Amino acid sequence: MPMVDILGTLDDIVELFKICTGNNVQEADNRPLSPMIRAEASKADKYMEEYWLLRDHYIESPQELLSFQQNTAARIAELEQKRYELRLRIRRVKTPEEEAALKEQCKELTKKMTPLRKQLKISLRIEQHTPRIKELLDAEREIELKNNGLIQKKDKTRTR
């Protein structure tokens, strides 16, 4: 999947969070949400995880997201290789103390890999569903404009 315009602008994601939390609604404004937006709003916890990942790692563009995914996958692969080497050494140990020490090192490597795998999973999820969120927000804008009697300005480009 091409990374061009995957994230679009983070404004769309922030707008979705405002819709989910109600920060964009004025007291007199009872905006009807489309069923599709309500279904997506029910997934707010996952969206907050994604937002925190983007915020904590200062990811602001599709290229930065791709770079983050590649770096994370490389770090996971490096840790998996170290753990594999330790497991091979465990098969050839002579004393139980040495075996226990090697197993403890394997556990430590696994503890380091777990959050990295979670971050990678979240970043892949961002890449997959961001275009859908953008489509839903566009549909919601159209519904809002229609219900409020507003007209969306269209670009008028003339060619001669």
Side-chain angles (χ1 to χ4, degrees), residues 1-25 31-144 155:
M1 174 176 224
M3 288 300 296
V4 177
D5 201 25
I6 292 292
L7 288 181
T9 62
L10 291 179
D11 294 336
D12 291 333
I13 294 173
V14 170
E15 184 177 338
L16 178 63
F17 289 128
K18 286 181 179 181
I19 289 171
C20 293
T21 60
N23 290 339
N24 67 329
V25 179
R31 288 182 38 198
L33 293 177
S34 66
M36 294 177 290
I37 287 289
R38 279 184 291 201
E40 291 297 318
S42 67
K43 301 173 188 173
D45 291 338
K46 288 185 178 186
Y47 293 137
M48 290 306 292
E49 276 184 340
E50 295 166 5
Y51 170 73
W52 290 326
L53 178 84
L54 295 172
R55 183 196 64 192
D56 292 344
H57 295 282
Y58 305 104
I59 300 172
E60 296 179 358
S61 71
Q63 294 79 16
E64 290 174 355
L65 181 65
L66 179 62
S67 174
F68 175 78
Q69 289 173 349
Q70 291 170 345
N71 291 340
T72 304
R75 290 192 339 229
I76 291 171
E78 179 184 327
L79 291 172
E80 284 176 341
Q81 182 62 32
K82 287 180 183 179
R83 187 175 65 179
Y84 176 74
E85 291 170 2
L86 286 174
R87 287 181 175 166
L88 288 179
R89 289 175 53 195
I90 288 173
R91 297 168 77 186
R92 293 173 180 79
V93 297
K94 304 290 184 197
T95 64
E97 296 83 21
E98 185 180 356
E99 182 180 0
L102 291 173
K103 284 185 177 181
E104 188 61 34
Q105 289 177 6
C106 282
K107 287 181 185 178
E108 291 300 318
L109 289 174
T110 301
K111 285 180 185 177
K112 289 179 183 177
M113 281 189 285
T114 302
L116 291 175
R117 285 181 173 153
K118 184 175 181 180
Q119 290 175 355
L120 183 61
K121 180 180 170 185
I122 292 170
S123 69
L124 292 172
R125 193 171 65 215
I126 291 170
E127 180 183 347
Q128 289 175 354
H129 81 262
T130 301
R132 175 161 165 69
I133 291 174
K134 187 169 174 103
E135 290 171 10
L136 290 173
L137 288 173
D138 290 342
E140 183 65 21
R141 278 190 204 110
E142 288 177 21
I143 291 171
E144 182 178 335
D155 291 336

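Sequence positions, counted from 1, serve as the residue numbers for this chain. What you see is a predicted model, and the numbers here were worked out from it, not measured in a lab.
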Here the ring-ring contact (aromatic ring centres under 6.0 Å, His included) pairs for residues 86-124, sequence neighbours left out, are none
- So do the side chains of Y58 and E64 get within less than 4.5 Å of each other, counting heavy atoms only? no
For E49, the side-chain hydrogen bond (donor to acceptor under 3.5 Å, both in side chains) test, sequence neighbours excluded, returns R125
Review item, side-chain donor-acceptor pairs of residues 75-84, under 3.5 Å, at least two apart:
residue : atom : partner : partner atom : Å
E80     : OE2  : R117    : NH2          : 2.7
Q81     : NE2  : E85     : OE2          : 3.3
R83     : NH1  : T110    : OG1          : 2.9

Here the side-chain hydrogen bond (donor to acceptor under 3.5 Å, both in side chains) pairs for residues 86-95, sequence neighbours left out, are none
Value for CG (D56) from OH (Y51), rounded to nearest 0.5 Å, stands at 9.0 Å
In this structure, CG of L54 is separated from CD1 of I126 (nearest 0.5 Å) by 4.0 Å
Got a sec, which residues hit side-chain contact (heavy atoms from CB on, under 4.5 Å) with [X], two or more places apart in sequence or on another chain?
| X | value |
| --- | --- |
| N71 | S67 |
| K103 | I90, E99 |
| E108 | E104, K111 |

K107 meets the salt bridge (charged side-chain N to carboxylate O under 4.0 Å, His left out) criterion, sequence neighbours left out, with none
The salt bridge (charged side-chain N to carboxylate O under 4.0 Å, His left out) partners of K46 (sequence neighbours excluded) come to none
Say whether, by atom type as modelled, one donor and one acceptor occur between the side chain of S123 and the main chain of L120 under 3.5 angstrom. yes
All heavy atoms of L53 vs all of I59, minimum pair found to be O-CD1, 4.4 Å
